[in-house]
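To keep things clear, I will list the structure first and then write my remarks on it.
Below, chain A is the first sequence line, B the second, and so on; all start at residue 1.
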Amino acid sequence: MSNLATVLDDSPVRLAPRLLGSLLVRDTPHGQIVGRIVETEAYHQSGVASHSYRGQTPRNAVMFGPAGFAYVYFTYGMHYCCNIVTGTKGEGSAVLIRALEPLEGMEQMAKNRGRDDELTNGPAKLCQALNIDKSLNGHDLSMPPLTLVLKDPPKESEVVQSTRIGISHEQHQPWRFYLKDCEFISKK
DNA sequence: GGAACGATCTGC
DNA sequence: CAGATCGTTCCC
């Protein structure tokens with residue numbers, strides 16, 4: 001098991017805050033795009049809001065695989081969202097990446113987004129900016145062209161724990177996390 | 001076979 | 001606040 005998979009073999013609620021500050025690196029033919037994870041949301045199998053709640057299907061199969069892979073899904077007929085699979089094989093849990101702070105490749109991101117503001121402050125926006133689509137579903141995040149670079153966990157005082165956003169179930173559950181005073185988090 | 005809906009975003 | 005837009009799931 002890679003170092004990445006070892007760290008991610010844990011509960012999504014513990015990992016969601018721990019992953020804040022880590023980097024998402026996207027390699028493209030035109031150069032590298034880098035973003036810092038600033039907002040996450042935990043999804044575990046026993047939560048009714050999770051895609052894995054009703055068991056394994058072709059769509060959510062990656063969630064039930066080993067940790068350290070990307071679960072990318074298509075929604076609303078036009079958007080992609082990217083998760084980091086967590087936990088052990090057979091478990092069905094993941095951490096949704098909800099927002100990034102753009103660090104490198106902003107020109108690329110703006111081109112992919114078709115605008116030069118609000119590049120990565122939302123789960124579907126960041127996928128568009130990093131050109132993440134279903135072809136990366138099941139991709140091993142320890143290697144290009146999409147890499148998760150773990151950083152040290154943020155201090156507890158830097159993390160805000162909050163309730164869910166944009167979901168019809170479990171709106172009260174405090175499983176959303178973001179970096180305090182960060183201007184790049186998603187909007188309500 | 002068909003209907004309902006969604007871990008969203010945008011522009012009015 | 002409604003529309004876009006289609007894959008997935010669930011029910012008949």
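- Two residues are said to be in side-chain contact when any heavy atoms from C-beta on lie closer than 4.5 Å; A/Y73 and A/R59 meet this criterion.
- A perpendicular orientation is assigned to the rings of A/H51 and A/Y71, their planes being inclined by more than 60° (bins at 30° and 60°).
- Among the atoms of the strands shown, only primed sugar atoms or phosphate atoms (P, OP1, OP2) are found under 4.0 Å from some heavy atom of A/R54.
- Look at B/dT8: its Watson-Crick or wobble partner, with both distances under 3.5 angstrom, is C/dA4.
- Counting only N and O atoms by type, the side chains of A/Q173 and A/R164 include no donor and acceptor under 3.5 Å apart.
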B/S/- along nucleotides 1-12 of chain B (protein heavy atoms under 4.0 Å) is -----BBBSS--
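- By the 4.5 Å heavy-atom criterion applied to side chains, A/R98 and A/Y178 are not counted as neighbours.
- The separation of B/dG2 from C/dT5, taken at their P atoms, amounts to 22 Å, rounded to a whole angstrom.
- Summarising the geometry of A/S50 relative to A/G92, their closest heavy-atom pair is OG-O, 4.5 Å, with the distance given to 0.1 Å.
- For A/T120 against A/A129, the heavy-atom pair with the smallest separation is CG2-CB, 3.8 Å.
- Using a 4.5 Å heavy-atom cutoff, the side chains of A/R26 and A/Q108 are not in contact.
- At a threshold of 4.0 angstrom between heavy atoms, the contacts of A/K187 with the nucleic acid are absent.
- Protein chain A contacts DNA chain C from C/dA4 to C/dC10, reading 5' to 3' and using non-hydrogen atoms of the protein with a distance under 4.0 Å.
- At a threshold of 4.5 Å between non-hydrogen side-chain atoms, the residues A/R176 and A/E41 count as touching.
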